[in-house]
Amino acid sequence: MNAAAIPSHILSELQWRQEHDVEMLGTGLHELDAAIEGCPRGRITAISGPVSSGRTSLLHSILAEASRLGEYCAVIDTMNSFDPASASEAGVNLGRILWIRCGGHPDHAIKAADLLAHAGGFGLIALDLCEAPARLTRHIPISWWYRFRRAIENTPTVFIVLETEPSAKGCASLFLEMKRDHTEFTGTRPFQYLDRAQFQAMPRKPMRPTPSRFEAHALR
């Protein structure tokens, strides 16, 4: 049957079902997974928020879940801020992690992400642009995000971009906005504290039609 002959409402339903069947990678946070079902494979997931909003804790949790499944992951560290010790404490199998340090050069990070996305073989690629100067990240051409989206489409790769301000725009299938609520001091050790982070999940249709809000606690 010619697609043009299919009524628009039936075609829309077929497209919904096709997208809804996208395989997901769990985040390792049950409350979050209950809201968004995880990060879609073959798609871009954008995680944004200010400093100490829980971006890194969430990334560690997703990396831990992927490495637990035996998948190889790549962390493209633009500002050399990735801490292997903290990641290991969060359950990440460092033997499954390719860590690329870019020395504060976003252009190097973008090119590295492009090479890895086209190389294939990774269950997760994380492009960490957090703390990179906004004057640089704001000028990343939209063509790069389309290039990443095409490179991982129909693959099992989860492509995550971490940033202070959203820049992937319409190329991301899932947006997670992190907002720090407040800090609670706890425990017996000095300076041990608990961040209460509020998340707003904004999946683009067809995954879920409405935003979901919940709170998560990340021990620092």
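The first residue in the sequence is number 1, and the count goes up from there. Note: hydrogens, waters and symmetry copies are ignored here, and every other heavy atom, side chains too, is used. All values reported here derive from a predicted model rather than from experimental measurement.
- Once rounded to the nearest 0.5 Å, the distance linking CZ of Phe175 with OG1 of Thr45 reads 9.5 Å.
- Residues Ile76 and Leu129 fall within the same hydrophobic cluster, defined by Ile, Leu, Val, Met, Phe, Trp and Tyr side chains chained together at heavy-atom separations under 4.5 Å.
- With sequence neighbours left out, Arg150 forms a salt bridge (Lys or Arg N to Asp or Glu O under 4.0 Å) with no residue at all.
- Here the straight-line distance linking atom CG of Leu98 with atom CG of Leu116 works out to 6.0 Å at 0.5 Å rounding.
- Take Ser67 and apply the side-chain contact (heavy atoms from CB on, under 4.5 Å) test, not counting sequence neighbours, and it matches Val92, Asn93, Arg96.
- Ser57 contributes no side-chain N or O that, together with a main-chain N or O of Gly54, makes up a donor-acceptor pair within less than 3.5 Å.
- Here the shortest heavy-atom pairing between Pro40 and Leu174 reads CD-CD2, 4.1 Å.
- One finds the CG atom of Leu59 at 7.0 Å from the CZ atom of Phe82 (value rounded to the nearest 0.5 Å).
- Residues Glu163 and Ala168 approach most closely at OE2-N, 3.9 Å, considering heavy atoms.
- The hydrophobic cluster containing Leu127 also contains Ile125, counting ILVMFWY residues as joined when their side-chain heavy atoms lie under 4.5 angstrom apart, directly or transitively.
- When each of Leu32, Leu124, Ile62 is tested with Cys39 by the rule side chain to side chain contact (heavy atoms under 4.5 Å, CB included), just one qualifies, namely Ile62.
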(Q) Could you go through Leu69 and Leu25, starting from their C-alpha distance and side-chain angles, then the distance that decides it, and tell me whether this counts as side chain to side chain contact (heavy atoms under 4.5 Å, CB included)? (A) CA-CA 10 Å; Leu69 295 174; Leu25 171 65; 3.8 Å; yes
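- Residue pairs that meet the salt bridge (charged side-chain N to carboxylate O under 4.0 Å, His left out) test with at least one member in residues 71-90, sequence neighbours left out, are Arg41-Glu71.
- Applying the side chain to side chain donor-acceptor pair (under 3.5 Å) test to every pair with at least one member in residues 118-130, sequence neighbours left out, gives these pairs: Asp114-His118.
- Between atom CG of residue Leu58 and atom CG of residue Leu29 there is a gap of 6.0 Å, rounded to the nearest 0.5 Å.
- Tyr72 and Trp99 are assigned to two separate hydrophobic clusters, defined by single-linkage of ILVMFWY side chains at heavy-atom distances under 4.5 Å.
- Shown here are the salt bridge (Lys or Arg N to Asp or Glu O under 4.0 Å) partners of Arg135, two or more places apart in sequence or in another chain: there are none.
- Between Asn80 and Gly103, the closest heavy-atom pair is OD1-N, 3.1 Å.
- If you take CD1 on Ile110 and CD1 on Ile140, they are separated by 4.0 Å, rounding to the nearest 0.5 Å.
- Shown here are the salt bridge (Lys or Arg N to Asp or Glu O under 4.0 Å) partners of Glu165, two or more places apart in sequence or in another chain: Arg138.
- Legend: ring-ring contact (aromatic ring centres under 6.0 Å, His included) pairs involving residues 150-171, not counting sequence neighbours, sorted by first then second residue: Phe148-Phe159.
- Thr155 pairs by the side-chain contact (heavy atoms from CB on, under 4.5 Å) definition with Ile152, Thr157, not counting sequence neighbours.
- Put simply, Met79 and Leu162 are part of two different groups of oily side chains (I, L, V, M, F, W, Y) that touch within less than 4.5 Å, one to the next.
- Every residue two or more places apart in sequence or in another chain that forms a side chain to side chain donor-acceptor pair (under 3.5 Å) with Thr27 is listed here: Asp33.
- Considering only residues two or more places apart in sequence or on other chains, His108 meets the ring pair (Phe, Tyr, Trp, His ring centres under 6.0 Å) condition with His105.
- The minimum heavy-atom distance between Arg149 and Cys171, with the atom names listed, is CD-O, 3.5 Å.
- Separation of atoms SG (Cys73) and CG (Leu63) is listed at 5.5 Å; rounding is to 0.5 Å.
- Every side chain to side chain donor-acceptor pair (under 3.5 Å) that Glu131 has, sequence neighbours left out, goes to Arg55.
- No side-chain heavy atom of Thr137 sits under 4.5 Å from any side-chain heavy atom of Thr78.
- Ser48 is linked by a side chain to side chain donor-acceptor pair (under 3.5 Å) to nothing, counting only residues two or more places apart in sequence or in another chain.
- Under the 4.5 Å side-chain heavy-atom criterion for ILVMFWY residues, no single connected hydrophobic cluster contains both Phe122 and Ile97.
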